[in-house]
Amino acid sequence: MAHHVGNRGVEAAPFGELPDGREVTLYRLTNADGMTVEVMNYGGIIVSLKAPDREGNVEDIVLGFDTLDGYLSEAYRRLNPYFGALIGRYGNRIDQGRFSLDGTTYQLATNDGDNHLHGGEEGFDRRLWQAEPFSDENGEGVILHYVSEDGEEGYPGRLEATVTYTLTDDNALEVSYRAETDRATPVNLTQHSYFNLSGEGDPSILDHVLTIHGDAFTPVDETLIPTGEIRDVAGTPFDFRQPTPIGRRIGDDNRQLARGGGYDHNFVLAMDNAPLDAPRSAARVVDPDSGRVLEIATTEPGLQFYSGNFLDGSVTGKGGEPYLKRSGFALETQHFPDSPNRPDFPSTILEPDETYRSLTVYRFSTDADDD
Ligand code: GLA
């Protein structure tokens with residue numbers, strides 16, 4: 001099953017069985033620079049991502065588990081952090097799990113209080129995807145395919161989703177999404193990796209220096225549903241237009257930070273999609289300790305910055321360390337939360353004669369690469 005080109009290649013290995021006996025496979029992508037990404041076909045979950053620091057030391061910088069059982073455990077399901085997972089059909093929340101489309105009201109599964117979150121009880125993060133590894137001039141990768149049947153989690157239409165992970169030789173991980181439906185349905189796919197650029201298991205991301213290229217954000221109510229306002233970040237703790245340590249203002253007396261328990265907000269990058277061949281620069285994160293740098297570019301108009309506020313030490317990760325509050329952050333490229341109920345937000349409705357397409361690129365480097 002290996003597709004080796006020198007060190008470069010994709011290897012597939014068994015990663016355990018689901019409770020119903022279906023087998024899960026882990027794909028390891030290795031590029032010419034020695035960077036590796038491991039992805040499994042359960043949930044399309046990124047299990048590990050190893051990148052060099054400024055001295056060349058390679059470390060795993062995403063939260064997760066060494067074994068499939070970690071992702072299936074009671075403690076994990078209770079916390080439900082969506083480590084590394086593909087999220088669908090709808091990234092983030094839909095108010096009361098309800099929306100109207102073409103005169104019909106749909107009731108989705110409610111799995112976050114009264115709201116719908118990240119696709120429902122059994123979102124794309126808990127589905128077994130069909131997987132096909134590949135190795136070509138663009139890099140090493142795996143194509144994942146999942147068919148979400150009409151009515152799944154309350155959604156209308158049969159949705160065919162394809163997600164391609166490609167690790168390139170210049171240390172970028174490209175995640176490209178495509179979907180088609182036979183009836184109009186909301187679609188908002190994303191990737192929910194938690195990064196700690198000091199290495200997973202490190203206790204805090206508060207000293208990471210973050211830049212977000214968003215002039216506005218969408219404030220939320222007590223249940224983290226957008227109020228509909230698009231608020232300028234100027235003069236608020238949400239202004240990350242200049243590089244700022246995540247922890248600098250996270251404890252400020254601010255109603256939005258209080259509601260999120262920290263940052264858990266959608267930033268407005270634009271009000272439309274960027275072309276597939278020209279994703280926009282969305283964010284940059286620098287870890288002053290290791291020198292690792294993560295840059296994210298996307299065709300999506302929004303970016304959810306989540307500072308790991310619900311992590312509470314109740315699950316222990318790969319390195320044997322408990323994952324503490326704010327020991328990882330997620331930057332989820334997406335359309336805005338609750339868009340099906342917000343006609344002023346960019347639309348998330350996919351029609352049967354359209355193709356959903358989205359691309360996000362995560363580029364890894366170090367501050368030693370800077371001139
Ligand atoms: C998203 C949400 C958060 C939380 C995490 C998963 O980022 O916005 O509120 O639910 O997912 O724990």
Side-chain angles (χ1 to χ4, degrees), residues 43-46 62-65 70-71 73 75-97 108-126 153 188-196 200 205 210 212 214 217-227 238 240 246 250 256-269 282-283 285 296 298 300 302-315 317 322-339 342 345 348 360:
I45 293 172
I46 296 178
V62 293
L63 277 54
F65 305 104
Y71 295 91
S73 79
Y76 182 73
R77 286 185 84 102
R78 210 175 308 118
L79 189 63
N80 213 3
Y82 302 87
F83 287 155
L86 289 178
I87 305 293
R89 289 189 199 186
Y90 200 94
N92 215 277
R93 294 176 176 79
I94 296 176
D95 191 15
Q96 313 284 306
L108 305 175
T110 50
N111 58 322
D112 186 62
D114 293 335
N115 297 327
H116 178 82
L117 174 66
H118 291 334
E121 294 292 344
E122 302 282 328
F124 288 8
D125 60 294
R126 288 184 179 167
E153 300 293 323
N188 189 27
L189 307 181
T190 192
Q191 220 297 328
H192 209 303
S193 283
Y194 288 66
F195 297 95
N196 186 320
E200 64 79 31
I205 47 85
L210 172 66
I212 298 178
F217 73 108
T218 51
V220 291
D221 70 11
E222 296 77 8
T223 70
L224 301 181
I225 294 291
T227 60
F238 293 83
F240 282 96
I246 291 172
I250 202 167
Q256 284 300 314
L257 286 173
R259 287 189 176 158
Y263 296 101
D264 193 354
H265 294 78
N266 171 67
F267 285 70
V268 178
L269 305 171
V285 192
I296 300 179
T298 185
E300 288 295 309
L303 181 72
Q304 183 83 11
F305 169 39
Y306 171 57
S307 52
N309 314 313
F310 295 124
L311 299 176
D312 60 3
S314 63
V315 298
Y323 289 136
L324 306 175
K325 182 172 176 175
R326 299 183 183 148
S327 61
F329 66 87
L331 288 167
E332 304 149 63
T333 54
Q334 60 179 22
H335 272 56
F336 310 169
D338 200 32
S339 296
R342 291 285 168 194
F345 290 176
T348 51
T360 296

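Numbering of ligands and ligand atoms starts at 1, following listing order. When a residue number appears, it is its place in the shown sequence, counting from 1.
Asp312 pairs by the side-chain contact (heavy atoms from CB on, under 4.5 Å) definition with Leu79, Ser314, not counting sequence neighbours. Applying the side-chain hydrogen bond (donor to acceptor under 3.5 Å, both in side chains) rule to Asn115 yields the partners Thr223; only residues at least two apart in sequence or on another chain are considered. With sequence neighbours excluded, no residue forms a side-chain hydrogen bond (donor to acceptor under 3.5 Å, both in side chains) with Thr190.
Closer than 4.0 angstrom to ligand 1 sit non-hydrogen atoms from Asn80, Pro81, Tyr82, Asn92, Arg93, Leu117, His118, His192, Tyr194, Leu224, Asp264, Gln304, Tyr306, Phe310, Glu332.
Checked against the 6.0 Å centroid criterion, the rings of His335 and Phe345 do not qualify as a close aromatic pair.
Summarising the local packing, CG of Asp221 is surrounded by more than 12 heavy atoms from other residues, nucleotides or ligands at distances under 6.0 Å.
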Query - Candidate pair Glu200 and Tyr323, rule side chain to side chain donor-acceptor pair (under 3.5 Å), full reasoning - result: CA-CA 9 Å; Glu200 64 79 31; Tyr323 289 136; 2.5 Å; yes
